[in-house]
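What follows is a set of notes on a single structure, which appears directly below.
Reminder, nothing fancy here: chain letters follow the sequence lines and each chain counts from 1. What's counted below: heavy atoms across the whole structure, side chains too, no hydrogens, waters or symmetry copies.
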Number of protein chains: 2
Amino acid sequence: MSAHDDGADGTDLLASVDQRLRAAGLRNSRSRQVVVDVLVGAGRPLSLPEILEADVELAQSSAYRNLGELVEAGVARRVESADDHARFELHESLTGHHHHLVCTTCGRVEDFDVPDDFEAGIDVMVHAAESQGFRIDAHRFDLLGRCARCSSASGD
Amino acid sequence: MSAHDDGADGTDLLASVDQRLRAAGLRNSRSRQVVVDVLVGAGRPLSLPEILEADVELAQSSAYRNLGELVEAGVARRVESADDHARFELHESLTGHHHHLVCTTCGRVEDFDVPDDFEAGIDVMVHAAESQGFRIDAHRFDLLGRCARCSSASGD
DNA sequence: CTTTCTGCAAACGATTTGCAGCAGC
DNA sequence: GCTGCTGCAAATCGTTTGCAGAAAG
């Protein structure tokens, strides 16, 4: 049931990441390290531009390429926001299952935890869904609105 | 509670659509009519290619342009799927609040209803979210998996 | 008639990819 | 030294937009 059975301080998290990269046959290159570090330190899904800001040396194509490989290796996950930029975060198996708050104005995404009984309710619905012919293996639940900055910026 | 207080046979639905188009200052052009008709008859969110299939006369740019206007006029809504094609469906105020089953293989999206108490649970979480600085005004909940066709096509 | 639409083709912008040289191990 | 990785620039591809003529009211 636990999402990550290592310690919770991040040290083991990095070890897990390293292990998965190794398992996927990926080297410890500088670019890859930067991308991973940024994702680990972010605490929320980041867009490509945000990731690039973290390191001037990082080329856009390398960032995209690395993100693809990280997703492939089960280290990262792509998150849909509300603007035309995808966001990326560490895989749930590393950070724990959670959901997102999505700003429909600027696209910012923040993590959000929901009560266990809510998750339980989802499990129940999966059965109903499968009677519709779908084979369900994941879900996404997002609350959409205005983030703090965007709420104060314009009206209201 | 009710999503549409007209009859449920679709006649009033079309009337509502017409009214909103009128209110938005949009004319009854052939292209627009086609797009609306297709969405009404679909019963699930459609991609641009799917909409185009419905009428050979319909130009891609006109379809996109009309969809944008329909969304603007509160007649349609854009739905995020799992592939790189956006989907479009009638606005919830016309069809009723619902959620989606999303095929991660082909991108197909189908409507899915959830129990009222599940929706109630969502309302509760909105408060928690607002304490995180977000001002919430909508949510999206999707079950992700393989649609009937894609499940049978490849393994299991 | 006047204003909104339409189709076409060009423009956009996020993401992907080919390639030649550099860097892990 | 291999092999994978990087930056660059060109290519993709869904979606948007400019424009001149056609259609709605």
Side-chain angles (χ1 to χ4, degrees), chain A residues 17-39 45-73 75-89 106-109, chain B residues 17-38 45-73 75-88 106-109:
Chain A
V17 169
D18 247 49
Q19 180 183 309
R20 295 191 192 183
L21 293 182
R22 211 69 55 95
L26 298 176
R27 289 181 180 171
N28 260 11
S29 73
R30 163 164 184 66
S31 294
R32 192 127 57 216
Q33 204 55 57
V34 170
V35 174
V36 170
D37 288 350
V38 175
L39 291 185
L46 298 180
S47 65
L48 207 279
E50 287 173 327
I51 292 172
L52 289 181
E53 280 172 19
D55 188 316
V56 198
E57 302 297 302
L58 183 60
Q60 188 182 54
S61 60
S62 297
Y64 272 120
R65 209 146 13 193
N66 278 317
L67 286 168
E69 292 159 341
L70 292 177
V71 169
E72 209 51 35
V75 171
R77 177 163 86 110
R78 184 195 216 93
V79 175
E80 309 298 330
S81 177
D83 58 13
D84 44 21
H85 267 289
R87 315 277 152 151
F88 295 88
E89 67 177 5
C106 71
R108 181 188 178 91
V109 180
Chain B
V17 169
D18 247 50
Q19 179 183 311
R20 293 190 193 184
L21 293 182
R22 211 68 56 95
L26 297 175
R27 290 181 179 170
N28 260 11
S29 71
R30 165 166 181 68
S31 294
R32 192 126 58 214
Q33 203 56 58
V34 170
V35 174
V36 169
D37 288 350
V38 175
L46 298 181
S47 66
L48 207 281
E50 288 172 326
I51 293 172
L52 289 182
E53 280 173 18
D55 187 316
V56 198
E57 302 296 302
L58 183 59
Q60 189 182 51
S61 60
S62 297
Y64 272 121
R65 208 143 17 192
N66 278 317
L67 286 168
E69 292 159 342
L70 291 177
V71 169
E72 211 47 41
V75 171
R77 177 162 86 108
R78 182 195 216 94
V79 175
E80 309 299 331
S81 177
D83 59 12
D84 46 22
H85 268 288
R87 314 277 151 149
F88 296 88
C106 71
R108 181 188 176 90
V109 180

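Rounded to whole angstrom, the span from the CD atom of A:Gln60 across to the C1' atom of C:dT16 amounts to 10 Å. Across the protein-nucleic acid pair, B:Glu69 atom CD and D:dA24 atom P stand 15 Å apart, rounded to whole Å. With rounding to whole Å, A:Arg22 atom CZ is found 14 Å from C:dG24 atom P. Whole-Å rounding puts the A:Leu26 CG to D:dT3 P distance at 17 Å. Atoms CG (A:Asp55) and P (D:dT6) sit 12 Å apart, rounded to a whole Å. If you measure from atom CG of B:Asn66 to atom P of D:dA23, you get 16 Å, rounded to the nearest angstrom. Counting to the nearest Å, the P atom of D:dA22 and the CZ atom of B:Arg32 are 19 Å from each other. One can place CD of A:Glu57 at 12 Å from P of C:dA23, the figure rounded to the nearest angstrom.
Nearest nucleotide to the B:Ser31 side chain, out of D:dT15, D:dT6, C:dT6: C:dT6. Here D:dC5 is the nucleotide among D:dC5, C:dT6, C:dT4 with the atom lying nearest to any side-chain atom of A:Arg27.
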Report the C-alpha separation of A:Leu70 and A:Leu21 in whole Å, then their side-chain angles, then the decisive distance to 0.1 Å, and conclude whether the side chain to side chain contact (heavy atoms under 4.5 Å, CB included) test is met. CA-CA 8 Å; A:Leu70 292 177; A:Leu21 293 182; 3.5 Å; yes
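B:Asn28 has no side-chain polar atom (N or O) that falls below the 4.0 Å cut-off from OP1 or OP2 of C:dC5. At least one side-chain nitrogen or oxygen of A:Tyr64 sits closer than 4.0 Å to the OP1 or OP2 atom of C:dT15. An OP1 or OP2 oxygen of C:dT15 is reached within less than 4.0 angstrom by a side-chain nitrogen or oxygen of A:His85.
Judged purely by atom type and a 3.5 angstrom limit, B:Ser47 has no side-chain atom pairing as donor or acceptor with the backbone of B:Arg87. A distance-only check finds no donor-acceptor pair linking the side chain of B:Arg30 to the backbone of B:Glu57 [under 3.5 Å].
A residue-by-residue look at B:Ala86 and B:Ser29 shows that B:Ala86 has its nearest nucleotide of DNA chain D further toward the 5' end.
Base contact: B:Ser61 has a heavy atom under 4.0 Å from a base atom. At a threshold of 4.0 angstrom between heavy atoms, the contacts of B:Gln33 with the nucleic acid are absent. Residue A:Arg65 is in base contact, counting any heavy-atom pair closer than 4.0 Å across all strands shown.
For the pair B:Asn66/B:Val34, no side-chain contact is recorded, criterion being any heavy-atom separation below 4.5 Å from C-beta on. Counting heavy atoms from C-beta outward, A:Arg32 and A:Arg27 have side chains that approach closer than 4.5 Å.
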